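Working notes for the structure below.
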Amino acid sequence: MIYDKKSFLTNNIDDPEFHQKIIDALPIPIFYRDLNGVYQACNKAHEKFIGRLREQIVGKSVYDIHSREMADIYSRRDKELLESTGVQVYENQIKHSDGTIHNVIFNKAVIHDNDDKVIGIVGSINDITELKRTETRLKKAQESMEVSSHMLHKINVGILMMDDNHKVVDSNVSFAQLMGEETSELFETIPGLKGADVSVLVPEVIFKMMSSILTSGEEILERDIKFQNKLLHVSVVTLYKQKVVGAVIRDMSAPMLVRDEIINRAQRIKIQNIETVQKIARLLGENAAETEELLNSIIESHRYGDDE
């Protein structure tokens, strides 16, 4: 398209309406105040943010438009900028037209006339409220992750988390120890085994359980298996549906089972002889070693003999 550049500029350079259209097209609030802090111009985004029409803003001072507290801040900051005759950027809170408090960044600069005389201040308001909220959420999430990770590595049951690429998200030292010496050594080299291929770390049955839950999105899947002369109870749960699953692995043949674990185990498996279960409950606290031996005998007599 061919046009007369000189003609275009001549027809529009001194047109106030044209200038207004330009700043109205900008999506961020723009304002111009004179040396006395009186608004001389603003755009539609500023009108919307303040909650007043241009006619109600132009010709009014900051004290006419804003609260005394805010007006004092604007007046002080304007004075500092006029004395420095440079650029000013600062963060503050301001009440939006809907009554909510927003976090904003002011970008301001002095403006000169054709004789290079300072005649006022032009500024923009960048709303960073959502950014601040996101930062807060991320900070809280990070803190929660740090706490969770600390707890994960302190508990004495094996924990393994796997993503949808079948890679380790995180695991604890108890898990590594349950899987054997080779995995424990790898854990020392790669903290949490993060990024490792789960399929080579766990027995096939556990990997299949985790893959199944990952695909189906089910809440929980449980099973008991034998692994390296250990009787393991494996609980696989969905952490983030079809994104991340976690496995809780308990060594049910450990030398010392806590009272609550024994009771829980006795209640959940299908015991055919109820009198034997009652005998376990009576023995608790009297002879832990004999109780454990009896419980493991019952467990072995049920369905675990064929699971490797």
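Counting begins at 1 with the first residue of the sequence. In this text the structure is predicted, and so the values were computed from the model without any measurement.
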Distance-minimising heavy-atom pair for Ser235 and Arg250: OG-NH1, 4.4 Å

Tightest non-hydrogen contact, residues Ile225 and Pro203, listed as CD1-CG, 4.3 Å

Between the main-chain N or O of Asp115 and the side-chain N or O of Asp113, is there a donor-acceptor pair closer than 3.5 Å? yes

How long is the straight-line distance from CD1 of Ile119 back to CG of Asn114, given to the nearest 0.5 Å? 8.5 Å

Just so I know, are the side chains of Leu186 and Leu193 near enough to count as touching, which here means a heavy-atom distance under 4.5 Å? yes

Side-chain donor-acceptor pair under 3.5 Å between Glu222 and His233, yes or no? yes

State the CG-CG distance between Leu232 and Asp251, to the nearest 0.5 angstrom. 5.5 Å

Hey, is CD on Glu17 packed in by over 12 heavy atoms from elsewhere, all under 6.0 Å? no

Just do the side-chain contact (heavy atoms from CB on, under 4.5 Å) check on Arg33 and Tyr74 with the steps written out, would you? CA-CA 11 Å; Arg33 294 196 289 262; Tyr74 294 155; 4.1 Å; yes

With side chains defined as the heavy atoms from C-beta onward, is the minimum distance between Ile57 and His46 less than 4.5 Å? yes

Test salt bridge (Lys or Arg N to Asp or Glu O under 4.0 Å) on Asp98 and Lys48 and set out the steps. CA-CA 10 Å; Asp98 62 6; Lys48 183 177 180 181; over 6 Å; no

If two hydrophobic side chains count as joined below 4.5 Å and joins carry through other members, does Ile190 share a cluster with Leu201? yes

Got a second to check how far Met161's CE is from Met210's CE, nearest 0.5 Å? 9.5 Å

Side-chain heavy atoms of Ser174 within contact of Val157, under 4.5 Å: no

Looking only at atom types and distance, does a side-chain atom of Ser61 sit under 3.5 Å from a main-chain N or O of Gly37, one as donor and one as acceptor? no

Let me confirm one number: the CD-CD1 distance from Glu47 to Ile50, rounded to the nearest 0.5 Å. 10.5 Å

Beyond-backbone contact of Leu82 with Ile121, side-chain heavy atoms, under 4.5 angstrom: yes

Group every Ile, Leu, Val, Met, Phe, Trp and Tyr by side-chain heavy-atom contacts under 4.5 Å, then state whether Met70 and Val89 land in the same group. no

Evaluate side-chain contact (heavy atoms from CB on, under 4.5 Å) for Phe175 paired with Ile159, printing each intermediate quantity in order. CA-CA 6 Å; Phe175 163 76; Ile159 302 292; 5.7 Å; no

If you group Ile, Leu, Val, Met, Phe, Trp and Tyr by side-chain heavy-atom gaps below 4.5 Å, do Ile111 and Val118 land in one group? no

Side chains of Ile249 and Ile206: does their closest heavy-atom pair fall under 4.5 Å? yes

Does Phe106 reach the side chain of Asn126, with side-chain heavy atoms less than 4.5 Å apart? no

Membership question, hydrophobic clusters at under 4.5 Å side-chain separation (ILVMFWY): are Leu81 and Val122 in the same one? no

Test item: Met209 and Val245 side chains (from C-beta on) under 4.5 Å apart, heavy atoms: no

Indicate yes or no: does Lys140 engage Glu135 in a salt bridge with an N to O separation below 4.0 Å. no

Hey, does the Lys NZ or Arg CZ of Arg52 hover above the aromatic six-ring of Tyr39, less than 6.0 Å from the centre and inside 45° of the axis? no

Would you mind telling me which of Gln93, Glu130, Arg133, Lys132 makes a side chain to side chain donor-acceptor pair (under 3.5 Å) with Asn103? Gln93

Closest heavy-atom pair, Ile213 versus Ile220, reported as atoms and distance to 0.1 Å, is CD1-C, 3.9 Å

Would you tell me whether Ser67 and Glu69 have side-chain atoms, one donor and one acceptor, within less than 3.5 Å of each other? no

Would you find a donor on one side and an acceptor on the other, under 3.5 Å apart, between the side chain of Gln242 and the backbone of Thr215? yes

Would you please say whether a donor-acceptor pair under 3.5 Å links the side chains of Glu219 and Thr238? no

Within 6.0 angstrom of Lys230 NZ, more than 12 heavy atoms from elsewhere: yes

Is Asp163 salt-bridged to Lys243, cutoff N-O under 4.0 Å? no

Given the rule in the side-chain contact (heavy atoms from CB on, under 4.5 Å) test, do Asn107 and Ile105 qualify, once you have shown the distances and angles that lead to the verdict? CA-CA 7 Å; Asn107 288 272; Ile105 291 180; 3.8 Å; yes

Closest non-hydrogen atoms of Ile28 and Ile125, given as atom of the first, atom of the second and distance, are CB-O, 4.1 Å

Separation between OG1 (Thr183) and CD (Glu188), nearest 0.5 Å, reads 11.5 Å

Nearest heavy-atom approach of Ser199 to Asp197 is OG-OD1, 2.8 Å

Before giving the answer on side-chain contact (heavy atoms from CB on, under 4.5 Å), spell out for Asp164 and Leu214 the whole-Å C-alpha distance, their side-chain angles and the decisive distance to 0.1 Å. CA-CA 7 Å; Asp164 52 0; Leu214 188 63; 4.2 Å; yes

Would you compute the distance between atom OG1 of Thr129 and atom NE2 of His102 and round it to the nearest 0.5 angstrom? 5.0 Å

So do the side chains of Val237 and Val248 get within less than 4.5 Å of each other, counting heavy atoms only? no

Do Val38 and Val62 sit in one hydrophobic cluster, given that two such residues count as connected whenever their side-chain heavy atoms are within less than 4.5 Å of each other, even indirectly? no

Answer yes or no: are there more than 12 heavy-atom neighbours, outside Tyr240 itself, under 6.0 Å from its atom OH? no

Under 3.5 Å side-chain donor-acceptor pair for Tyr63 and Asp72: yes

Search all heavy atoms of Phe227 against all heavy atoms of Leu178 and return the closest pair with its distance. CE2-O, 3.5 Å

